[in-house]
S.K.: 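I have a structure here, written as structure tokens, and I will follow up with some questions on it.
Note on naming: letters A, B, ... go to the chains in the order of the sequence lines (proteins, then strands), and numbering restarts at 1 for each one. Computed from a prediction, not measured in an experiment: that's the story for all the values here.
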Amino acid sequence: MSKKFYITTAIDYANGSPHLGHAYEKVLTDIVARFRRMMGEEVKFLTGLDEHGQKVQMSAQKLGVSPLEVCDRLASEFQGLCRALRISNDDYIRTTEERHKAVVQDILQKLYDKGEIYKADYNGYYSVRQEQFVTEKEKVDGTWPEIFGEVTEVTESNYFFKLARYQDWLIDTIRANDQMIYPRFRSADVLQFLKEPLNDLCISRPKERLEWGIELPFDPDFVTYVWFDALTNYITAAGYGTDAFEQHWPADYHVIGKDILVPPHAVYWPIMLKALELPLPKHFLVHGWWLSSGSKMSKSSGEVINPLDLIDQFGADAFRYFVTREMNVGQDSEFSLDLFMSRYNSDLANDLGNLVSRLLNMGGRYTEGRVPPAEIEEAPEKQLKELWLKTSAELVPLFEDFQFHKALDRIFTFVSGINRYAETRAPWKLAKSETPADQAALRTSLATMAEALRLAVALLTPVMPEISDKIRGLVGAENFELIEGQLEWGNRLEGKALGEKTILFPRPERKVL
RNA sequence: GCCAGGGUAGCUCAGUGGUAGAGCAGAGGACUCAUAAGCCUUUGGUCGGCAGUUCAAAUCUGCCCCUUGGCACCA
């Protein structure tokens, strides 16, 4: 069996409803996955939910339900988001699943047997009210804030994973693989972190303090905490311990936010894999955050944009287009309703949607609802074909390099080119003329517009799958699996039926939200 | 404090040595197939600040300012 292209998102934490950040990461990963499929690769695309831990246990207590009920509810919310966004993941992992518990316990036992895990006393400051250890860092003006209540120094036995012994190896590995982290400048964050000596990692919690977790196989009084539970999902879903594993692992891309690169994904995870003698993931694709007036959009700032609202109102594809067009992968981006509306109205409704409308309408009026033959090739046609040649040559490299915002810019520049072409030929004027030359120009102009639209949406497909399919249907083109052979200008649409007049991106009747 | 990203037109951003760009927003115009859309023309910027290198700097160097993130057991 050949190796699949294995791509993952981070798994979401079951501690709140999905927001724009969750939605964005899934869309970004989905675009890479869809693009790779079009390029002919077999893809495994994983996303999922991280369900254990203190916060889940506490919110369950608060609601008076079991932790699993809390997780079930959130899992269906997050999976609903995936469906609403047309995310093409072919697996969804929940860390409470048996397949996952088995792998976590298996690797913990292996590492314990190898002497990579040991028991020791952990000394720290404990907040009874928050049921968690607090650090010096959380002090404000030399004392812990009121929300922590009474904080006492306690000593607790726990299990530790030997991180420190792999520090030099990790530094060498990251220096030697400058392609591992995209964008590259993020490697500097990792290396800076590794300048300080690593401490071993506390990986357990006593059950008396936290019972909502996976039990340590070698000590039933403890559950494992956070990292060995959450990060391990990537190999669980890859089929660790089964024949399928080699077909998936190593992952080609872990898509993550910039906040979880250091230390978990770039330090803990590689060292865990090294200790298990497994290959490292090939790449991390590290994206930025959505900002609102310069601050991170998050629940805590009370500026949650519920992506589902925009999706319901404007459609998954419009949402996907917006986040992809605005975000320079790796940087932060600005989000506002005004920006969204501006993109929706000018790019989608006015430029693309309206172009489809005018073609279908003219096709119905002038060429009996069919794509006519392209009979002549003069300056306007040559110019548009040249623009396409230039555009199409850029698109695949831009997609390969995650420059989706630029790829969309190029595609929509081409769409503008089609509108300009229509003005130049002015088929509505040609239609009033009886001369053979004008009639040939009329047929050519509609054929050219249809073919240009087919090409324009070819590489729009990973970003806007439904609209692209719909436009292909309307101009008489076939859907396709592979991009190969789809980017060349031709006359395959000649004689095909054009669709009924359709409004692809209706103008909002009133301002909602 | 240390490290890194960003600071370019009202807004969102392209632009790594050679006469400041795009889209949107604003203004004017011609057209009418179309979602009052599209097309053409146009207003608008001491390129964060101060020095320096150079014939030439948004672009290279230094210092400073603003902003975002990281600096471990919090995911």
S.K.: Does the base of B:C31 carry an N or O that pairs as donor and acceptor with the side chain of A:E423 under 3.5 Å?
M.R.: no
S.K.: Using atom C1' of each nucleotide, how far apart are B:G10 and B:C31 to the nearest Å?
M.R.: 30 Å
S.K.: Name the pairing partner of B:G1, where a pair is Watson-Crick or G-U wobble with both distances under 3.5 Å, or state none.
M.R.: B:C71
S.K.: Kindly point out which of B:A4, B:C24, B:G70 is positioned nearest to the side chain of A:S342?
M.R.: B:C24
S.K.: Among the candidates B:C39, B:G6, B:A75, find the nucleotide nearest to the side-chain atoms of A:S416.
M.R.: B:C39
S.K.: Under 3.5 Å for both donor-acceptor distances, Watson-Crick or wobble: does B:U32 have a partner, and if so which one?
M.R.: none
S.K.: Are OP1 or OP2 of B:G38 and a side-chain N or O of A:N350 less than 4.0 angstrom apart?
M.R.: yes
S.K.: Is any side-chain nitrogen or oxygen of A:R507 closer than 4.0 Å to OP1 or OP2 of B:A37?
M.R.: yes
S.K.: Counting side-chain heavy atoms from C-beta on, which of B:C73, B:A34, B:G23 comes nearest to A:N354?
M.R.: B:A34
S.K.: Taking the side chain of A:N361 as heavy atoms from C-beta outward, which of B:A75, B:A34, B:C71 is closest to it?
M.R.: B:A34
S.K.: Think A:R425 has a side-chain N or O under 4.0 angstrom from the OP1 or OP2 of B:C33?
M.R.: no
S.K.: Using the closest heavy atom to pick a nucleotide of RNA chain B for each, name whichever of A:P506 or A:D200 lands nearer the 5' end.
M.R.: A:P506
S.K.: Side chain of A:D347 only, please: which of B:C3, B:G23, B:G6 is the nearest?
M.R.: B:G23
S.K.: In the strands shown, is B:A27 matched to any nucleotide by a Watson-Crick or G-U wobble pair with both distances under 3.5 Å, and which?
M.R.: B:U41
S.K.: Can you classify the ring geometry of A:H254 versus A:F284 as parallel (below 30°), tilted (30 to 60°) or perpendicular (above 60°)?
M.R.: tilted
S.K.: Ring of A:F322, cation from A:R343 - is the NZ or CZ under 6.0 Å from the centre and inside 45° of the axis?
M.R.: no
S.K.: Between B:C47 and B:G21, how far is it from one C1' atom to the other, in whole Å?
M.R.: 11 Å
S.K.: Identify which nucleotide among B:A75, B:C39, B:C24 has an atom closest to any side-chain atom of A:R420, counting heavy atoms from C-beta outward.
M.R.: B:C39
S.K.: Answer yes if the side chains of A:E326 and A:Y24 hold a donor-acceptor pair under 3.5 Å, and no otherwise.
M.R.: no
S.K.: Of the nucleotides B:A4, B:C33, B:G70, which has the atom closest to the A:A188 side chain?
M.R.: B:A4
S.K.: Look at all strands and tell whether A:E196 reaches a base, only sugar-phosphate, or nothing, counting heavy atoms closer than 4.0 Å.
M.R.: nothing
S.K.: Give a yes-or-no answer on whether the side chains of A:Y421 and A:E381 include a donor-acceptor pair shorter than 3.5 Å.
M.R.: yes
S.K.: When you compare B:U16 with B:U61, how far apart are their C1' atoms, in angstrom units rounded to a whole number?
M.R.: 14 Å
S.K.: Using 30° and 60° as the class boundaries, would you call the ring planes of A:Y159 and A:F222 parallel, tilted or perpendicular?
M.R.: perpendicular
S.K.: Out of B:U12, B:A14, B:C3, which nucleotide sits closest to the side chain of A:K406?
M.R.: B:A14
S.K.: Under 4.0 Å: is that the gap between some side-chain N or O of A:N328 and OP1 or OP2 of B:A14?
M.R.: yes
S.K.: For atom C1', what is the distance between B:G70 and B:A58, given to the nearest Å?
M.R.: 28 Å
S.K.: With RNA chain B as reference, determine whether A:Q192 or A:L201 sits nearer its 5' end, using the nearest nucleotide of each.
M.R.: A:Q192
S.K.: Determine which nucleotide pairs with B:C50, using a 3.5 Å limit on both distances of a Watson-Crick or G-U wobble pair.
M.R.: B:G62
S.K.: Between atom CZ of A:R94 and atom CG of A:L68, what is the distance when rounded to the nearest 0.5 Å?
M.R.: 6.0 Å
S.K.: Between B:A34, B:U32, B:U12, spot the one nearest the side chain of A:K429, thanks.
M.R.: B:U32
S.K.: Just checking, is any N or O donor in the side chain of A:R507 or A:N345 under 3.5 Å from an acceptor N or O on the other one?
M.R.: yes
S.K.: Does a distance-only test, which skips hydrogens and angles, find a donor-acceptor pair under 3.5 Å between the side chain of A:Q331 and the base of B:G5?
M.R.: no
S.K.: For the pair made of CD in A:E156 and C1' in B:C73, what is the distance, rounded to whole Å?
M.R.: 12 Å
S.K.: Under 4.0 Å between a side-chain N or O of A:Y421 and OP1 or OP2 of B:C39?
M.R.: no
S.K.: Measuring only the C1' atom in each nucleotide, how far is B:C2 from B:C13? A whole number of Å is fine.
M.R.: 30 Å
S.K.: Phosphate oxygens OP1/OP2 of B:A72: is one of them under 4.0 Å from a side-chain N or O of A:N199?
M.R.: no
S.K.: Tell me which nucleotide among B:A75, B:C73, B:U35 gets nearest to the side chain of A:A349.
M.R.: B:U35
